[in-house]
Amino acid sequence: MTDIKELLLSRIRDVADYPEPGVMFKDITPLLADPAAFTALTDALAELTVRHGATKIVGLEARGFILGAPAAVRAGVGFIPVRKAGKLPGATLGQAYDLEYGSAEIEVHAEDLSAGDRVMVIDDVLATGGTAEASLQLIRRAGAQVAGVAVLMELSFLPGRRRLETALAGAPLEALITV
Ligand SMILES: O=P(O)(O)OC[C@H]1O[C@H](OP(=O)(O)OP(=O)(O)O)[C@H](O)[C@@H]1O
Ligand SMILES: Nc1ncnc2[nH]cnc12
């Protein structure tokens with residue numbers, strides 16, 4: 001494993017049975033508290049954004065905001081928040097999606113994305129892929145192009161990558177760490 005992967009992995013804490021029994025929660029707060037690790041992560045996400053020709057970063061609430069916003073500043077592109085439904089004040093596009101149990105909805109300001117934009121989606125964890133898939137559907141419905149999805153950590157024992165295949169339509173899914 002490369003140095004940066006080892007550094008990032010060493011700063012992610014496993015919390016068993018959170019938020020419910022049977023779930024191994026990947027807690028990124030130790031990584032955020034370590035300036036060397038957070039800087040390395042920001043640089044890596046910004047590099048992927050530039051390499052894939054993105055003109056905007058979409059961050060997925062809430063942890064995708066923490067990672068996506070500094071990466072957007074570093075890459076020199078705009079940051080667009082995709083929020084849980086009911087939080088954005090302007091005209092929105094919404095997309096419902098299924099979770100392991102139940103369903104949820106995310107929204108984006110309609111005016112923030114349009115034809116000509118190339119969007120990199122950034123989040124901390126890819127688990128079932130439901131959140132990322134819904135964000136890709138939103139981006140395409142807004143008329144924008146998908147540059148890719150970049151996550152800190154992919155949980156490879158869940159079918160997130162497979163679930164995203166159709167929505168990615170050939171765009172890259174980049175995971176800095178796979179567990
Ligand atoms: O691949 P999925 O199964 O969709 O899961 C991944 C999503 O779940 C977590 O967010 P969560 O909805 O817990 O919100 P939070 O960032 O506000 O804690 C994580 O930050 C991803 O956004
Ligand atoms: N196991 C997990 N750890 C952290 N965030 C998650 N989001 C979905 N599953 C998760």
Side-chain angles (χ1 to χ4, degrees), residues 5 8-34 37-38 41-42 44-45 48-49 54 56-72 79-88 92-109 112-113 119-141 146-169 171-179:
K5 285 183 197 239
L8 297 177
L9 195 55
S10 73
R11 298 295 187 274
I12 295 168
R13 173 166 51 205
D14 282 356
V15 182
D17 299 319
Y18 181 88
E20 55 186 61
V23 176
M24 181 61 75
F25 189 82
K26 302 291 182 181
D27 176 23
I28 65 166
T29 59
L31 192 163
L32 302 176
D34 177 341
F38 196 7
L41 172 59
T42 300
L45 293 172
L48 287 170
T49 300
K56 287 183 174 169
I57 284 177
V58 151
L60 306 181
E61 185 175 1
R63 286 169 264 156
F65 293 178
I66 302 171
L67 306 194
F79 177 81
I80 312 298
V82 160
R83 298 214 60 177
K84 309 241 159 84
K87 298 285 188 181
L88 290 169
T92 56
L93 287 175
Q95 185 72 44
Y97 60 103
D98 291 328
L99 300 163
E100 273 179 286
Y101 304 101
S103 65
E105 188 173 355
I106 53 174
E107 292 179 339
V108 69
H109 270 148
D112 282 350
L113 294 175
V119 182
M120 179 63 79
V121 174
I122 291 187
D123 208 350
D124 64 333
V125 171
L126 179 72
T128 68
T131 313
E133 182 187 37
S135 74
L136 296 178
Q137 289 163 344
L138 266 188
I139 289 162
R140 292 197 197 282
R141 280 175 49 213
V146 173
V149 173
V151 296
L152 165 59
M153 173 171 288
E154 175 181 355
L155 306 183
S156 62
F157 51 87
L158 292 171
R161 184 172 283 271
R162 205 165 58 240
R163 181 170 179 172
L164 285 190
E165 254 171 36
T166 303
L168 279 167
L173 167 58
E174 302 272 14
L176 299 176
I177 301 171
T178 302
V179 295

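As the structure lists them, so they are numbered: ligands from 1, and atoms in each ligand from 1. All values reported here derive from a predicted model rather than from experimental measurement. Keep in mind that the numbers below use all heavy atoms, side chains included, and drop hydrogens, waters and symmetry copies.
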* Quick one: does Gly160 get within less than 4.0 Å of ligand 1, heavy atoms only? ->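 No heavy atom of Gly160 comes that close to ligand 1.
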
* Within less than 4.0 angstrom of ligand 1, does Leu60 place any heavy atom? -> no

* Asked: Taking C-beta and beyond as the side chain, do Glu107 and Val82 meet within less than 4.5 Å on heavy atoms?
  ->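 Side chain of Glu107 against side chain of Val82, heavy atoms only: no contact under 4.5 Å found.
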
* **Heavy-atom check, side chain of Val119 versus side chain of Ile57, under 4.5 Å** => no

Exercise: identify the closest heavy-atom pair between [X] and [Y]:
X	Y	answer
Leu126	Gly129	CD1-CA, 3.6 Å
Leu48	Leu176	CD1-CD2, 4.0 Å
Ile66	Phe38	O-CZ, 3.7 Å
Phe79	Ala72	CB-CB, 3.9 Å
Lys5	Ala175	NZ-O, 4.5 Å

* For ligand 1, find out whether one of its N or O atoms is nearer than 3.5 Å to an N or O atom of Ala132. =>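 No, there is no polar N/O contact under 3.5 Å.
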
Starting from [atom], find the nearest protein heavy-atom neighbour and note its residue, name and distance.
atom	answer
atom 4 (O) of ligand 1	Thr131 OG1, 2.5 Å
atom 5 (O) of ligand 1	Ala127 CB, 3.6 Å
atom 22 (O) of ligand 1	Asp123 OD2, 2.5 Å
atom 16 (O) of ligand 1	Ala62 N, 3.0 Å
atom 9 (C) of ligand 1	Arg63 NH2, 3.3 Å

* Side chain, backbone, both or neither: the part of Asp124 lying under 4.0 Å from ligand 1 by heavy atom ->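 Near ligand 1, Asp124 shows its side chain, while the N, CA, C and O stay back.
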
* **Of all pairs that satisfy salt bridge (Lys or Arg N to Asp or Glu O under 4.0 Å), the ones with a partner from residues 61-72, not counting sequence neighbours** => Glu61-Arg83, Arg63-Asp124

* To do: Enumerate the residue pairs fulfilling salt bridge (Lys or Arg N to Asp or Glu O under 4.0 Å) with a member in residues 127-140, sequence neighbours excluded, ordered by first and then second residue.
  => Glu133-Arg163

* Asked: Right, does atom 20 (O) of ligand 1 have protein non-hydrogen atoms nearer than 4.0 Å?
  -> yes

Which of the atoms of ligand 1 are close to [X], meaning less than 4.0 Å from one of its heavy atoms?
X	answer
Lys84	11 (P), 12 (O), 14 (O), 15 (P), 17 (O)
Val125	6 (C), 21 (C)
Thr128	1 (O), 2 (P), 3 (O), 4 (O)

* Between CG on residue Asp112 and CD1 on residue Ile80, distance to nearest 0.5 Å ->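 Spacing of CG (Asp112) from CD1 (Ile80) equals 4.0 Å.
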
* To do: Verify the neighbour count for atom OH of Tyr18: are there more than 12 heavy atoms of other residues, nucleotides or ligands below 6.0 Å?
  =>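 Counting neighbours around OH of Tyr18, 12 or fewer heavy atoms of other residues, nucleotides or ligands fall under 6.0 Å, so no.
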
I'd like a table of donor-acceptor pairs (distance under 3.5 Å, sequence neighbours excluded) in which one partner is a side-chain atom from residues 146-156, with atom names and distances.
unit_1: Glu154; atom_1: OE1; unit_2: Arg161; atom_2: NE; d: 3.4
unit_1: Glu154; atom_1: OE1; unit_2: Arg161; atom_2: NH2; d: 2.9
unit_1: Glu154; atom_1: OE2; unit_2: Arg161; atom_2: NE; d: 3.0
unit_1: Ser156; atom_1: OG; unit_2: Val179; atom_2: O; d: 2.8

May I have every N or O pair linking ligand 2 to the protein at under 3.5 Å, one per line with atom names and distance?
unit_1: ligand 2; atom_1: 1 (N); unit_2: Met24; atom_2: O; d: 2.9
unit_1: ligand 2; atom_1: 3 (N); unit_2: Lys26; atom_2: N; d: 2.9
unit_1: ligand 2; atom_1: 5 (N); unit_2: Arg63; atom_2: NH1; d: 3.0

